[in-house]
2 protein chains.
Amino acid sequence: MAHGYAATSIDTVADALGATKGRVYYYYRSKTDLFFDIHRQAMTMNLSVMRPLATSARPPRDRLVSMARTHAMLVMDHLPTQRVLNQGVELHLSGRTTAPQRDVLAELMAMRSQFERLYVDVLAEGVASGDFRALDPRLGAKSVLGALNWMTVWYSPRPDESAETRDRIADELATFVLHAVRAAP
Amino acid sequence: MAHGYAATSIDTVADALGATKGRVYYYYRSKTDLFFDIHRQAMTMNLSVMRPLATSARPPRDRLVSMARTHAMLVMDHLPTQRVLNQGVELHLSGRTTAPQRDVLAELMAMRSQFERLYVDVLAEGVASGDFRALDPRLGAKSVLGALNWMTVWYSPRPDESAETRDRIADELATFVLHAVRAAP
DNA sequence: GTCTATAGGCCGATAGAC
DNA sequence: GTCTATCGGCCTATAGAC
């Protein structure tokens with residue numbers, strides 16, 4: 001989470017646990033398996049938080065705002081976890097996986113797609129209802145995800161940071177996203 | 001560019017050149033120096049392309065649209081280079097640099113700040129002129145950069161991709177960004 | 001200027017004591 | 001279940017031949 005997958009050794013992980021490699025390899029067969037497990041846990045959390053918001057009966061505008069707001073809060077509250085999620089793509093892109101790992105990786109990429117589709121569907125519905133301007137929902141979702149996931153790059157909690165500051169950031173991001181896609185009033 | 005900094009060996013770099021390690025180490029004292037040089041070249045290119053657009057005499061709206069459009073094109077035309085740029089942040093975040101490298105890294109981070117400030121200044125000017133809604137220019141710039149830089153994660157050129165497809169993507173992104181910040185008409 | 005050869009170190013993974 | 005010890009391999013970087 002702190003140094004990236006490739007740059008982190010199992011010894012470092014063990015140190016953080018106050019243990020040695022032996023313990024880590026008792027629970028995980030390989031470094032990749034460990035990464036996959038963390039990735040799966042993180043994505044499961046994200047989906048369980050975001051799905052109810054995406055599929056509620058409220059109008060597309062409200063759903064998108066609550067999704068973006070909650071998404072931003074997720075990044076700020078679980079920054080290391082969200083960083084891992086973004087590293088998952090890198091691992092996927094590099095193609096540096098062995099054959100048996102590829103199935104697990106495929107499962108994780110499927111979860112990523114589910115997550116992204118929550119945004120795509122809300123955008124498509126909003127375009128159809130006239131709430132949102134005519135846009136390609138898939139490109140729109142990529143852009144929304146970009147604005148929000150990019151927080152993992154620049155956001156760093158300050159020691160004296162108040163809950164109000166985080167609220168303000170989440171609100172700004174959600175407003176940005178809503179304005180980007182809504183139909184001109 | 002393809003596998004990430006940590007996961008790429010100098011042997012791999014040499015292979016791509018049809019050479020061996022010896023040649024690489026004749027030109028660069030260390031792997032980090034090589035990375036820094038690529039990073040500097042990439043950022044210099046970005047700044048030289050984007051600065052004229054950001055500082056032209058046109059209204060903030062036009063400048064922002066041309067910046068976003070060109071930025072998107074930069075990502076699509078120089079995908080590996082832009083990926084390297086985003087990895088620079090990771091290296092910065094991890095703090096895994098030795099003392100002598102820290103000065104060079106600081107220089108690169110200064111160039112990153114200059115690049116980001118191009119957006120911050122245009123946004124601030126647009127807010128002051130009433131072209132853009134009341135927003136925090138720094139947060140707005142982060143969001144804009146997120147939407148655009150996130151392209152390095154999802155964009156992958158298709159073999160049969162036409163220039164029109166790229167134009168459409170760049171236009172969609174630029175429209176997204178403009179709508180996100182402009183004042184309600 | 002480019003190569004081969006290799007030093008020196010770290011890392012992923014395993015074996016086996018306790 | 002956790003440890004120590006270690007293997008084998010890869011990687012950064014250097015030395016020296018050509």
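Only a predicted model underlies this, so the values are computations on that prediction, with no experimental measurement involved. Just so it is clear: chains get the letters A, B, ... in the order the sequence lines come, proteins before strands, and each one is counted from 1.
- Put simply, A:Thr20 has a side-chain N or O that comes within less than 4.0 Å of OP1 or OP2 on D:dC3.
- Residue B:Lys21 places its side chain closer to C:dT6 than to any other of C:dG12, D:dG1, C:dT6.
- Within a 6.0 Å radius of CZ in A:Arg138, no more than 12 heavy atoms belonging to other residues, nucleotides or ligands are found.
- Atom C1' of nucleotide C:dA13 and atom CZ of A:Phe35 are separated by 19 Å, given to the nearest angstrom.
- Ranking C:dA13, D:dT12, D:dT2 by closeness to the B:Tyr25 side chain, first place goes to D:dT12.
- Of the side-chain N and O atoms in A:Arg23, one or more sit less than 4.0 angstrom from OP1 or OP2 of D:dC3.
- A side-chain donor-acceptor contact under 3.5 Å links B:Tyr5 and B:Thr32.
- Here the P atom of nucleotide C:dC10 and the NE2 atom of A:His3 are 16 Å apart, to the nearest Å.
- Checked against D:dT2, C:dC3, D:dT14, the side chain of B:Ala19 finds its nearest nucleotide in C:dC3.
- When the nucleotides C:dC3, D:dT12, C:dG12 are ranked by their closest atom to the side chain of B:Lys31, D:dT12 comes out on top.
- In this structure, the nucleotide among D:dT2, C:dG12, D:dA13 sitting nearest to the side chain of A:Ser9 is C:dG12.
- Exactly one of A:Met151, A:His71, A:Gln82 qualifies for a side-chain contact (heavy atoms from CB on, under 4.5 Å) with A:Met76. That residue is A:Met151.
- Comparing B:Ala6 and A:Gly18 by the nucleotide of DNA chain D whose heavy atom lies nearest to each, the residue mapping closer to the 5' end is A:Gly18.
- In this structure, A:Tyr5 places its OH atom 14 Å from P of C:dC11, rounding to the nearest Å.
- At whole-Å resolution of the value, OH in A:Tyr26 and C1' in C:dC18 are 14 Å apart.
- Across the protein-nucleic acid pair, B:Tyr27 atom OH and C:dG1 atom P stand 5 Å apart, rounded to whole Å.
- Between the side chain of B:Glu172 and the backbone N or O of A:Gly140, no donor-acceptor pair lies under 3.5 Å.
- Between the OH atom of B:Tyr28 and the P atom of C:dG1 there is a distance of 14 Å, given to the nearest Å.
- A straight line from CG of A:Asp11 to P of D:dT2 spans 17 Å, rounded to a whole angstrom.
- Within a 6.0 Å radius of CZ in B:Arg117, no more than 12 heavy atoms belonging to other residues, nucleotides or ligands are found.
- The side chain of B:Ile10 approaches D:dT12 more closely than any other nucleotide in the set D:dT12, D:dT4, C:dT14.
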